[in-house]
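Report on the following structure.
For clarity, every value in this text was computed on a predicted model and none was experimentally measured.
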Amino acid sequence: MKKLNMIKSIVEHGVVAVLRGKDANEVVEMAEQAIAGGIKVIEVTMTVPSALTAIEKLASKYSSSATEADKFAIIGVGTVLDPETARTAILSGSEFVVGPSLNPATVALCNRYRIPVMPGVMTIKEIQEALELGVDIVKLFPSTSPSMIKAIKGPLPQANIMPTGGVTLDNLGEWISAGAVAVGIGSDLTAEAVKKGDLSLVANRAAQYIQAFKAAKK
């Protein structure tokens, strides 16, 4: 049941912060600011130096079962290319796994340990293969237009799709209307804060995304 509850929670919260940074400390601070702004699903990418350290720190500070809003967050790992990395991240505290592509061995490992896995897909063939492997949510990556989801939903209406990349405050509503179950937000969440050297700006941006998501869901 834990896996099903985790998937349900990710969909309910709807916005996934995809975080990259110069080191673990920067990413931890980005995550804390995003959580303070209302984004409760955090994806730490494995391209971050010492990414597992960041996951461990965040997992120890936040709990997906916490009842207090400021202590609740779901911490996951992204840019996972293989099952070895997935298992290491899970042992470090990751509660979900995201990959840039569909790797059957990674999906099998995550299913074995009942961890939600969201592989990156682009084609109908890849999405069908992911569904046959038991994937619950596929990551549409790269995602360029909400019309992509409408096209996919033609032959595969049962697919649960999370676009990542190409989602902005201006078009988030269009993605949700097209059928996205959640959205992944990357550099648009953190770019201004990094440029200005003020990571507190991430909280403001996060709040804007949550407001846009809630408006879209209504």
Query raised in the report: Are V138 and M118 side-chain neighbours, meaning at least one heavy-atom pair lies under 4.5 Å?
Result: no

Report summary line: In this structure, CD1 of I10 is separated from NZ of K40 (nearest 0.5 Å) by 15.0 Å

Query - Cluster link L189 to V41, ILVMFWY, side chain under 4.5 Å - result: no

Query raised in the report: Say you draw a straight line from NZ of K61 to CD of E32; how long is it, rounded to the nearest 0.5 Å?
Result: 3.5 Å

Requested in this report: State whether the number of non-hydrogen atoms from other residues, nucleotides or ligands found under 6.0 Å of K2 atom NZ is greater than 12.
Outcome: no

Query raised in the report: Which heavy atom of A54 sits nearest a heavy atom of V27, and at what distance?
Result: CB-CG1, 4.4 Å

Query raised in the report: Going by atom types only, do D70 and Y62 share a side-chain donor-acceptor pair under 3.5 Å?
Result: no

**Report entry** G134 to N111 - nearest heavy-atom pair and separation
**Finding:** O-OD1, 4.1 Å

Query raised in the report: Okay, side chain of Q211, backbone of A207: is any donor-acceptor separation there less than 3.5 Å?
Result: no

Query raised in the report: CD of E95 to CD1 of I55: how many Å apart, nearest 0.5 Å?
Result: 11.0 Å

Query - Expected output: side-chain S143 to main-chain T164 donor-acceptor under 3.5 Å - result: yes

Requested in this report: State plainly whether one hydrophobic cluster holds both L201 and I185, where clusters connect Ile, Leu, Val, Met, Phe, Trp and Tyr through side-chain heavy atoms under 4.5 angstrom apart.
Outcome: no

Query - Within one Ile-Leu-Val-Met-Phe-Trp-Tyr cluster: I42 and I210, side-chain cutoff 4.5 Å - result: yes

Report task. Could you tell me whether the side chain of N171 and the main chain of G166 form a donor-acceptor pair under 3.5 Å? Result -> yes

Query raised in the report: If you round to the nearest 0.5 Å, how far is CD1 of I152 from OG of S147?
Result: 9.5 Å

Query raised in the report: Do you know which two heavy atoms are closest between I124 and P155, and how far apart they sit?
Result: CD1-CG, 3.7 Å

Query raised in the report: Quick one: NZ on K214 to NE2 on H13, what's the gap to the nearest 0.5 Å?
Result: 9.5 Å

Query raised in the report: Is it true that a side-chain atom of T85 and a backbone atom of L81 form a donor plus acceptor pair closer than 3.5 Å?
Result: no

Requested in this report: Looking only at non-hydrogen atoms, find the nearest pair between M122 and P142 and report the distance.
Outcome: SD-CD, 3.5 Å

Report task. Please name the residue in the list V44, V18, T47, V48 that meets the side-chain contact (heavy atoms from CB on, under 4.5 Å) test with T79. Result -> T47

**Report entry** Residue pair A24 / T53: nearest heavy atoms and the distance that separates them
**Finding:** CB-CB, 4.3 Å

Query raised in the report: Should F72 and T67 count as side-chain neighbours, where that means a heavy-atom distance under 4.5 Å?
Result: no

Requested in this report: Would you name the heavy atoms of A180 and P163 that are closest together and state the gap between them?
Outcome: CB-CD, 3.5 Å

Query raised in the report: Only one of I115, V117, I90 forms a side-chain contact (heavy atoms from CB on, under 4.5 Å) with L109, so which one is it?
Result: I90

**Report entry** Whether S9 side chain and N5 backbone form a donor-acceptor pair below 3.5 Å
**Finding:** no

**Report entry** V181 with L156, same ILVMFWY side-chain cluster at under 4.5 Å
**Finding:** no

Query raised in the report: Does any N or O in the side chain of T45 come within less than 3.5 Å of the main-chain N or O of L19, such that one atom is a donor and the other an acceptor?
Result: yes

Query - Cluster check Y209, M30: I/L/V/M/F/W/Y, side chain < 4.5 angstrom - result: yes

Query - Sidechain-backbone polar pair: N160 side chain, D136 backbone, donor-acceptor under 3.5 Å - result: yes

Query raised in the report: Is there a donor-acceptor contact under 3.5 Å from the side chain of K153 to the main chain of A159?
Result: yes

Query - Partner of I137 by side-chain contact (heavy atoms from CB on, under 4.5 Å), out of V98, V11, I161 - result: V11

Requested in this report: Measure the CD1-OG distance between I75 and S94 for me, rounded to the nearest 0.5 Å.
Outcome: 9.0 Å

**Report entry** Side chains of P119 and T106 in contact at under 4.5 Å (non-hydrogen atoms)
**Finding:** no

Requested in this report: Take D170 and T168 through the test side-chain hydrogen bond (donor to acceptor under 3.5 Å, both in side chains) and record every step on the way to the result.
Outcome: CA-CA 5 Å; D170 292 334; T168 66; 4.9 Å; no

Query raised in the report: Just by distance, do the side chain of R205 and the backbone of T190 share a donor-acceptor pair under 3.5 Å?
Result: no

Query raised in the report: Within the side chain of T123, is there an N or O that forms a donor-acceptor pair under 3.5 Å with the backbone of E126?
Result: yes

Report summary line: Only residue of N204, V202, V28 satisfying side-chain contact (heavy atoms from CB on, under 4.5 Å) with Q33 is V202

